[in-house]
Protein chains: 2
Amino acid sequence: MTPEPYETTTSEPYETTTPEPTWTRTSEPHARAAVRRPASIKDVAAAAGVSATTVSHVLSGNRPVNEHTAARVRSVVNRLGYVPASLARSLQAGSTSVIGLLIPDISNTFFAELAKGAEDAAHDLGYGLILCNTEFDADREDRYLGMIRSRFIDGMVYASGSPPSRRRLEALMGKFPIALADEEVDGLQGALIATADHEAGGRLVGEHLRALGHRRTLMLTGPRALKSSNARANGFVRAFRGEVVERVGDFKETSGYGLVAKLLQEGGLPEDCTAVFAANDLMAFGALLALREAGLSVPEDVSVVGFDDIRAASLAHPPLTTVHQPAYDVGRTATAQLLQYVTRGEVPPASRHTLPVELKVRGSTAPTAR
Amino acid sequence: MTPEPYETTTSEPYETTTPEPTWTRTSEPHARAAVRRPASIKDVAAAAGVSATTVSHVLSGNRPVNEHTAARVRSVVNRLGYVPASLARSLQAGSTSVIGLLIPDISNTFFAELAKGAEDAAHDLGYGLILCNTEFDADREDRYLGMIRSRFIDGMVYASGSPPSRRRLEALMGKFPIALADEEVDGLQGALIATADHEAGGRLVGEHLRALGHRRTLMLTGPRALKSSNARANGFVRAFRGEVVERVGDFKETSGYGLVAKLLQEGGLPEDCTAVFAANDLMAFGALLALREAGLSVPEDVSVVGFDDIRAASLAHPPLTTVHQPAYDVGRTATAQLLQYVTRGEVPPASRHTLPVELKVRGSTAPTAR
DNA sequence: CTAGATATCCAAAACGTTTTGCACAACCAT
DNA sequence: ATGGTTGTGCAAAACGTTTTGGATATCTAG
C-alpha cells in the first residue's frame, strides 16, 4: 500500500574519493614516534610549578588560591590548551551528567518531538542525552538498559512505545532512577510519570462526533496491552454514547489501511458507521486511503479522526481532525522530573503529571448527512 | 501563517498527584543509615577469595583462568549482581564508546531520519550516541563541542544545518575525530564526509521540468552560505537551460510562503514563471499555500517541486514532486566512517561519500498548458 | 634430576580527576 | 610571649577498572 504510482529517477550511482588525510595518528611533522597525549592536570601543575591540587582549586574555585598563583596557572592552562577529562571527573564524582532516552523510533515525529523536549530539559541542567532507539527490539532495549546498570548514565527516560515488561521495569526502578514518559505502568507506585491525557483526548473526540450527529463509529485501537491506547478508547466510548465497533490495530499506517479495506470488501463499514476514529494519525491515514480507494469521500460520506497531531496531519488532504498530544511537553516534563530526582536526590512533590491535550478540528470531520 | 481556521478544544487543566514513593535514597527497610553502594570488583574478589585481577580476567576472558575458580567467581558475580562500572573501564581504556551527533533540530524529519541512521550505525558497533540538538544556537553548539574536547565522547558526527564556521571546525578536526554529514566544508582536505548528491538532485529537477515544457522557473534557494543549497541550485540551472529567477529563503515554511506571496502581490510570478522549485519541502509547502491563496491551482497553473521528500510530501495535496534525500544513509554512512576511524585508527579508504538521490514525480508537476 | 615450559594467580601501576587533612607562615588580639 | 585565626599550598587517598610483570607450583622432556 501507500502506492507511489509515479515515476522515479535515480541519480548516478555512488561517487567516492579519497583525498589526502588531514588528521592521522602518525603524521606529527617532526615527532612521528610520540603520539601527543592531551595535557593532564599534572602537566599543568608541573609547568606552573604548583601541585595538581592547586590547579584543581583554581579551576573549580572550590578553595581560595592566591591571585598571583592563580593567574600563572590560568596562563599555563591556556598555553597548553588543557581541558579537564570529564571521564575522570565523573569517576570521582560518582555520576556522569548523562541520562538516556529510550524510545522505539526517532523517525516517528511524535517521538522526535518528545526527544526534543527531553533534550531541552537535559541541556538546561547541563546534562547530556543518549539516544536509545530500540526499533521495538527487546534485545536492543536490554542492551541500552545495561548502560544504566553499568552506571554510565545517571538515569533513564523510558518511553518504549510498547507495553513495558512490568517485571523488568520494576526491578530496575527499585535501584535506578527511571522516569516513564507517555505510557504508564499499572500499579507502579511512586514512579516518575509524565503522560498526555489520553482519556480526555478520547472524550473530546467522542463529544465532537456526537455533536456532529454521528451515532455509530468504527474505532481502530492500538494494541490492547497499551494503557494509553485503552485510555483513548475508554474516554471515547464513555463520551460518545453511541455504538462503537472496535478493531485492534498496531499503530501503523498499514494496519489502519488493512482493517478498513477488509471491512469495505466485506460489504461496507459495519452497522453503517458514519465515522472512523483511529487511535493514532498513522492509522487514520491508512483508513483515509482505504476509504478513498473505495470511492468514499471524507468527510462527506465518512468522518475520520486521528490522534497525535503529527506534522503531516495538517498537511494531509483533507486536513485531519485529530487530538494534539503535547509530545514535547511529555518529554520535557518526564526528563525534568528525572533530573530533579537525580540532581537533588528528592522525589519531586508531584511525581505523576497528566498533560492536557487539544482537539484540533480540521477538514476530515463533518455533520452527518441526514 | 499556516492558518488553523478551525476550532480547538482543550482538555481539563493539569492533573497532578503524588503517591507514595517506590524508591528513595533512604528507605532501605532495615539498613536506613547505609546507602547501599553498588558492588565493585573488589567486593567480588573478596567474596570469591581471589584477586581483582582474576575477576577481571574471568569476565573479560583476557587471560585464561582455572575453570573451577572461574565458576566460583561467576557465581559470586551473579549473587552480588555485579556489573562493571563502565566509567572506570573507559578511564583506563582511554575511550568511552560514545560519540555525539550534532544536528540543529531533531523534530525536523530529515534530521530525525539522519539520526536514526547514525544511531543504527553506532549501535552496530556497540557505541552510544549523544544527541546534540543545537536549535541553530552557536553557544549550544559550542557547549556540545566541549564534550569532545573533554574527551567524554570519542568523536562527533557534525550535521549542523548551518554553514559551519570553517575556522572552528578546522581547529577541532585537526585534533579530534569528526565526520561531516549532509554539508561539506570547502577545502577541508581528507575530512570524513557523507552527503547526498545535491547537485544531481537539482539536475534531475531541471531535466524533469524541462521535459514537461517549462522554460521559466522561480527558484527558492536556501541560504547562500550553504554549499548543499548552492549545489542544488547549480545542478538545476545547468540542466534546466531556461530562465531561472532566484530568491533566497531560509529553508523554513514561512520563507517559502513569504517570498511567493510577495511576488504574487506585486503582480504575479516574475516573467510568467510556470514552475516553482523550492530548495526544500518546507519552503515548497509555503509556496503551495501562497499559490492556493492567490487562487492559482497546482499543477494546472503552476508546477511545484520540493527537495528532501519528508514524510508529509507524499501526503500533501497535491502530493509533492520532490527529490528524495537518503537522510538515513547519510547519517549511517557518516557515522560508520567516523567509527571506522575511531575504532581502527585508520582513515577509511574512501573518505568522501556522495549518496545518490531520487526524483519522486508526484502530483504537483504537470506539462505546461500551451 | 634438572631446565624449561605451562598453568594459575596476584600485586602494583596506571588512567585523571577531586577531596580531605594537614603543614607552614604570617598576622592578630590578648 | 601566647594562643588563635587566616591565607596558602601540598601530599595522599579515593573513585573502579585493566594491564603488566612476576611469583609460585606443576608438568614435560631430556
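As the structure is a prediction and not an experimental result, all values here were calculated from the model. Convention: sequence-line order gives letters A, B, ...; per-chain numbering from 1.
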Each nucleotide N or O in nucleotides 22-27 of chain C that has a protein N or O under 3.5 Å away: list the pair and distance.
none

Of all residues at least two apart in sequence or in a different chain, which pass the side-chain contact (heavy atoms from CB on, under 4.5 Å) check with [X]?
| X | answer |
| --- | --- |
| A:Ser150 | A:Phe152, B:Val83, B:Ser86 |
| B:Ala48 | B:Val50, B:Val73, B:Val76 |
| A:Gln92 | none |

Original post:
Does atom CZ of B:Arg72 have more than 12 heavy-atom neighbours from other groups under 6.0 Å away?
Top reply: yes
**OP:** Mark yes or no for whether B:Gln337, through its side chain, and B:Leu192, through its backbone, hold a donor-acceptor pair below 3.5 Å.
**Re:** no
Original post:
What does B:Thr69 touch in the nucleic acid at a heavy-atom separation under 4.0 angstrom: a base, only the sugar-phosphate, or nothing?
Top reply: sugar-phosphate
Original post:
Which pair of heavy atoms, one from A:Leu101 and one from A:Ala118, lies closest together, and at what distance?
Top reply: CD2-CB, 4.1 Å
**OP:** Would you tell me if any nitrogen or oxygen in the side chain of B:Ser51 comes within less than 4.0 Å of OP1 or OP2 on C:dA11?
**Re:** no
**OP:** Scan residues 44-101 of chain B for pairs that pass ring-ring contact (aromatic ring centres under 6.0 Å, His included), counting only residues two or more places apart or in two chains.
**Re:** none
Original post:
Nucleotide by nucleotide, 5' to 3', does protein get under 4.0 Å of the base (B), only the sugar-phosphate (S), or neither (-) in nucleotides 13-18 of chain D, counting heavy atoms?
Top reply: -BBBBB
Original post:
Would A:Thr96 and A:Asp154 count as having a side-chain donor-acceptor pair, cut-off 3.5 Å?
Top reply: yes
Subject >> Rounded distance in Å - CG (B:Asn66) to P (D:dA25) >> reply: 16 Å
